[in-house]
Amino acid sequence: RRQRQSPRSKFGMMTSGAAADHHQHSVVTIAGGWQGLDIVHQGEDVEDQENVITDDAEISESKKNDKGFVDRLAERYPRTFHVILQVILPLFFIILICFICGYVLAHLEAYTEMQENDSALAAVVSRREKVARIAEAAKEAPSVCLDLYEGPLTNRTQLEEHMKECGRNLLDFVLRILEEVAKESEFDVSERITFNWIFCGDDRSRDAQMSVVNETWTLDMEELSKSYLSLGLNKTEAQTRAFEEASGHDSCRVNAAAGALFWLTIATTIGYGNTAPVTNGGRALVYTLGFASILVFTALIGKAGNVCIIIADDFFQRCWVLKRLSKGVVACLFWFTALCLWLLVIAGVAISYMNQRTGGSRSVTLNDAFWFSYISVSTVGLGDFHVDPTLFLPRDMFYVPLCFLVGFVLLANFLLKLSDILIKYLPCDRLEENLRQSPRDSHIPNAIENADDTRKASQVVKYSNASSLDPVARCVSNRDERSTMDY
């Protein structure tokens, strides 16, 4: 209530001059109750309140100005900001890690792979040379057959028939056996020729790269053989040395895309098993940086899944029609359905990828493609289906990991909703309660129940804790207790 009242002093009266001055310059507010009246000068209080409001506005404005550009951007566009910062940028960071570490690993493994391929080619050509030599020896079979002839040499007709029959049988038999052996050997050895860390020529297909490597190796072997013959070595020694030193990988380069693909399978723990490092340096790299990549990927994919599920639940909560999708069994079914649909998307991408890379020569059925997407997203990686490193290009690293990472996020969200359901409906865990009621601490609750007040209960607890200590610690505990009680 407001009213004008003649100013009074503390003891009831005020001078007339002071009263007049007070009436001219101040308005008083009387606020009272059972405790009496408190006289507050309203004019001065209003000015103080205006000053306080002005100061608060200046402080809030200064705090707003103190915020950085990133903080203001996060407040204004929270969804876009967190999706870009915690989903998209981590994806490119993972791709960058895969390219760097994959290139280093491919560089370490490339030389060993080239040596193994050259050895396999030397074995193939050596077997072919042996087959040719045996075929030449088989042509001399008539002389052997003549030695085996037991009839009279004067009977020309009988001798010719024997020679033809013997030579035909011996030649056919030898050629048939040698051809079978040569085919089996070449098939077994050609499987040892791999292109997991290198690529040769412009065509990425395995057959084209095999042709390029075979041609280059044959030319190099012939040149080395001629050079050794010119040095005075015999034919056998020159050929043996040429086989050992010939190389068919002069036009080959390190396949950085294949290395990045392999490192992606390491970081995501898919591990198809189609290739593995064999050098000490490559394995050491996988031991150290590979394990670190697994940790980084786990943290980033967990954060990305958390951001996505928070944004999705917020959207569902804002839309009353979709509100049921944010929790419970309905939410679990929703994320499971989204995961299955995304597996179909990955299967479609795999079918299109194979048709584009192989020109339809290696078709993939929908059943096989869906199986591949399942073993990839679940990180089982059985190895029966995998991404062929010889067909993998650098640009593929910008959408193949995206397909897998979206699948990982959907799987994580489904498992999170499923765990919420299990925690809600399964019996609660009584481990903590059982531990509190263990026999070791059973005397403490009884003592606390018999105590008269909180102080006695605390003393019982202190005594129980101190009794298990050594004498010095017990003395220190008693001293602290006495000082606390004195205080």
Side-chain angles (χ1 to χ4, degrees), residues 102-103 105-132 135 178-225 239-262 265 272-279 282 350 353-364 383-396:
Y103 176 79
L105 181 62
H107 186 75
L108 293 173
E109 298 292 327
Y111 181 72
T112 303
E113 187 176 38
M114 292 179 186
Q115 285 186 327
E116 292 180 353
N117 290 348
D118 290 336
S119 300
L121 286 172
V124 170
V125 176
S126 177
R127 284 180 175 85
R128 291 177 183 174
E129 291 290 334
K130 290 179 181 178
V131 170
L178 291 178
E179 186 177 358
E180 292 177 358
V181 172
K183 285 183 179 180
E184 292 176 359
S185 300
E186 288 187 16
F187 177 77
D188 294 338
V189 174
S190 63
E191 289 298 316
R192 290 167 45 195
I193 301 176
T194 59
F195 300 96
N196 296 323
W197 313 105
I198 59 174
F199 68 94
C200 306
D202 298 330
D203 194 349
R204 293 288 186 123
S205 64
R206 177 182 172 81
D207 295 336
Q209 294 189 73
M210 283 281 293
S211 177
V212 171
V213 171
N214 194 7
E215 259 181 56
T216 307
W217 189 91
T218 303
L219 293 175
D220 193 20
M221 187 270 296
E222 292 177 353
E223 291 179 359
L224 288 173
S225 181
Q239 194 171 17
T240 302
R241 286 183 126 185
F243 280 2
E244 293 176 354
E245 299 177 8
S247 175
H249 300 83
D250 295 338
S251 61
C252 298
R253 299 182 296 276
V254 175
N255 193 350
L261 174 65
F262 176 80
T265 62
Y272 292 115
N274 59 306
T275 184
V278 295
T279 62
Y353 174 85
M354 289 300 297
N355 291 333
Q356 182 182 3
R357 290 290 187 272
T358 62
S361 60
R362 293 167 57 185
S363 60
V364 179
D384 50 351
F385 291 95
H386 60 272
V387 182
D388 192 353
T390 60
L391 303 177
F392 199 77
L393 300 176
R395 65 172 180 268
D396 298 333

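One-based numbering along the sequence shown.
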Side chain to side chain donor-acceptor pair (under 3.5 Å) involving Gln115 - partner list, sequence neighbours excluded:
Tyr111
What residues form a side chain to side chain donor-acceptor pair (under 3.5 Å) with Thr265, not counting sequence neighbours?
none
When you compare the side chains of Glu109 and Thr279, does any donor N or O come within less than 3.5 Å of an acceptor on the partner?
yes
Please tell me whether Asp207 and Ser205 have a donor and an acceptor in their side chains that are separated by less than 3.5 angstrom.
no
Can you measure from [atom1] ([X]) to [atom2] ([Y]) and round to the nearest 0.5 angstrom?
X: Asp118; Y: Glu113; atom1: CG; atom2: CD; result: 11.0 Å
X: Arg253; Y: His107; atom1: CZ; atom2: NE2; result: 15.0 Å
X: Gln209; Y: Asp202; atom1: CD; atom2: CG; result: 10.5 Å
X: His249; Y: Thr216; atom1: NE2; atom2: OG1; result: 9.0 Å

Closest non-hydrogen atom pair, [X] against [Y]:
X: Ala242; Y: Met221; answer: CB-O, 3.5 Å
X: Leu108; Y: Gly282; answer: CD1-N, 3.9 Å
X: Phe392; Y: Val387; answer: CD1-CG1, 3.6 Å
X: Gly259; Y: Ala106; answer: CA-CB, 4.3 Å
X: Ile198; Y: Met114; answer: CG2-CE, 3.8 Å

Report yes if some heavy atom in the side chain of [X] is under 4.5 Å from a heavy atom in the side chain of [Y]; otherwise report no.
X: Phe195; Y: Met210; value: yes
X: Val213; Y: Ile193; value: no
X: Ser251; Y: Val212; value: yes
X: Arg204; Y: Asn255; value: yes
X: Leu393; Y: Arg357; value: yes
X: Leu105; Y: Pro277; value: yes
X: Asp396; Y: Tyr353; value: yes

Got a sec, which residues hit ring-ring contact (aromatic ring centres under 6.0 Å, His included) with Phe243, two or more places apart in sequence or on another chain?
Trp217
Just one of Asp220, Leu224, Thr240 clears the side chain to side chain contact (heavy atoms under 4.5 Å, CB included) bar with Glu245, so which one?
Leu224
Steps toward side chain to side chain contact (heavy atoms under 4.5 Å, CB included) verdict (Thr112, Trp197):
CA-CA 10 Å; Thr112 303; Trp197 313 105; over 6 Å; no
Strictly distance-based, threshold 3.5 Å: is any side-chain N or O of Asn117 a donor or acceptor partner for the main-chain N or O of Thr194?
yes
Using atom types as modelled and distance alone, determine if a side-chain donor or acceptor of Asn274 lies under 3.5 Å from a backbone N or O of Gly383.
no
